[in-house]
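Notes to accompany the following structure.
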Amino acid sequence: MDEARRWGRKIFDLDKSKASRKKVESYLQSQKPELVILNGHGHNRAIGGHDNEEIINMSNARILKNATVYARACSAGKVLGQEIVNQGAKAFIGYKEDFLFFKNEIDFKDPLKDDYAQPFFESSNQVATSLLKGKTPKEAHIDSMKSHLKWIEKLSTTAAGDRAFLIPFIKWNACFQVCITEKV
Amino acid sequence: MSDNEINNDIINLVVARLGAIPPNVVMSIGDIEDSKTLTPADMIIEVKNKSNIGKKIIETQLMFLRSLKDLQIDPELYAITDN
């Protein structure tokens, strides 16, 4: 959100109870945003919103036509992502498997300030950051991959402290992040 | 990954690796129908039970360990200088 404001983008933030299927469909159909960023639970044929209601699935994927979509939602990249592009979206970036992360159980507030969550969220947020800067979906995906690799390298050194165990899980998210683009 | 492919050696290996996770850290995993927040102890139980989440945890470790064999060693880094 901060990054979007920094780049002077007009934002429609459908947070918490606003992330219902009805409201999401209404906004997408009326505003036709160029960039849609989704953050919620998911499975291979749906992305969930408030109370895990399916806000995007195979039946309404067409409402993302002409948009570039980034979905931090488990497994949506396995089937739904391709359908979203088939129905006219410019691109879909998401995950073919569960997006997983770690955090400090005792004192978790901001994922970017949590030592254990930061590698996961900084790397995945890079997709959105790069898209907001005007990069293409492929460039944004590659930027995110570079961030994952940077963290793997960093956590492979003695400076990692007790965080080296994160490496296989960071690699997991990176390996299953996909970028699906429209045929040109 | 099928249950047949997960033998006790693999489970023991993964459990040992999970032992390196600090006790105050939790993992968030799972999809829209089955999402969980797991302590390291919870993760070990899931692995030993070969649950869906346990199998995913096993897969993360095996995928990483298998990737180590593909590490490329740059010969330039190991140049020997004869004086």
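Letters A, B, ... are given to chains in the order of the sequence lines, protein chains preceding strands, and every chain is numbered from 1. The figures that follow rest on heavy atoms only: side chains count, while hydrogens, waters and symmetry mates do not.
Contact annotation for A:Y116: only side-chain heavy atoms (C-beta onward) come within less than 4.5 Å of a heavy atom of chain B. Only the side chain of A:F176 comes within contact range of chain B, with heavy atoms under 4.5 Å apart. The part of A:F99 that comes within reach of chain B is its backbone (N, CA, C, O), which places non-hydrogen atoms under 4.5 angstrom from that chain.
Distance check: A:I170 CD1 to B:F64 CZ gives 10.0 Å after rounding to the nearest 0.5 Å. Within the model, atoms CG of A:D162 and CD1 of B:I21 stand 10.5 Å from one another, a figure rounded to the nearest 0.5 Å. The SG atom of A:C74 lies 7.5 Å from the NZ atom of B:K56; values are rounded to the nearest 0.5 Å. In this structure, CG on B:L38 lies 8.5 Å from CZ on A:F102, to the nearest 0.5 angstrom. Here the NZ atom belonging to A:K103 is positioned 6.0 Å from the OG atom belonging to B:S28, to the nearest 0.5 angstrom. Atoms CZ and CD, from A:F169 and B:Q61 in turn, are 4.5 Å apart once rounded to the nearest 0.5 Å.
Heavy atoms from other residues, nucleotides or ligands lying under 6.0 Å from NZ of A:K150 number more than 12. For A:F121, the CZ atom sits in a packed shell: over 12 heavy atoms of surrounding residues, nucleotides or ligands are nearer than 6.0 Å. Applying the 6.0 Å contact sphere to CD of A:Q29 captures more than 12 heavy atoms from other residues, nucleotides or ligands.
By the criterion of side-chain heavy atoms lying less than 4.5 angstrom apart, applied directly or through intervening Ile, Leu, Val, Met, Phe, Trp or Tyr residues, A:I84 is grouped together with A:V178 in one hydrophobic cluster. B:I57 and B:I45 fall into different hydrophobic clusters, where Ile, Leu, Val, Met, Phe, Trp and Tyr are joined by side-chain heavy atoms under 4.5 Å apart, directly or via other members. In the hydrophobic clustering of ILVMFWY residues, with side-chain heavy atoms under 4.5 Å counting as a link, A:Y95 and A:M145 come out apart. Placement of A:I142 and A:L149 in two distinct hydrophobic clusters is found when ILVMFWY residues are connected by side-chain heavy-atom separations under 4.5 Å, directly or transitively. Cluster annotation: A:V69 and A:Y27 are assigned to the same hydrophobic cluster (Ile/Leu/Val/Met/Phe/Trp/Tyr, side-chain heavy-atom contacts under 4.5 Å, transitive).
Closest of all the heavy-atom pairs between B:A20 and A:F165 is O-CD2, 4.3 Å. Summarising the geometry of A:P168 relative to B:R17, their closest heavy-atom pair is CG-NH2, 3.7 Å, with the distance given to 0.1 Å.
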Q) Could you go step by step and tell me if B:N24 and A:N104 meet the side chain to side chain contact (heavy atoms under 4.5 Å, CB included) rule? A) CA-CA 6 Å; B:N24 60 303; A:N104 190 322; 3.5 Å; yes

Q: Start with the C-alpha gap between A:F101 and B:M27, add the side-chain angles, then the distance that decides, and say whether side chain to side chain contact (heavy atoms under 4.5 Å, CB included) holds.
A: CA-CA 6 Å; A:F101 64 94; B:M27 179 176 76; over 6 Å; no

Q: Go through the steps for A:L100 and B:T60 under the test side chain to side chain contact (heavy atoms under 4.5 Å, CB included), then give the verdict.
A: CA-CA 10 Å; A:L100 52 81; B:T60 63; 4.2 Å; yes

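Among B:T37, B:V26, B:V25, the one residue that satisfies the side chain to side chain contact (heavy atoms under 4.5 Å, CB included) test with A:E105 is B:V26.
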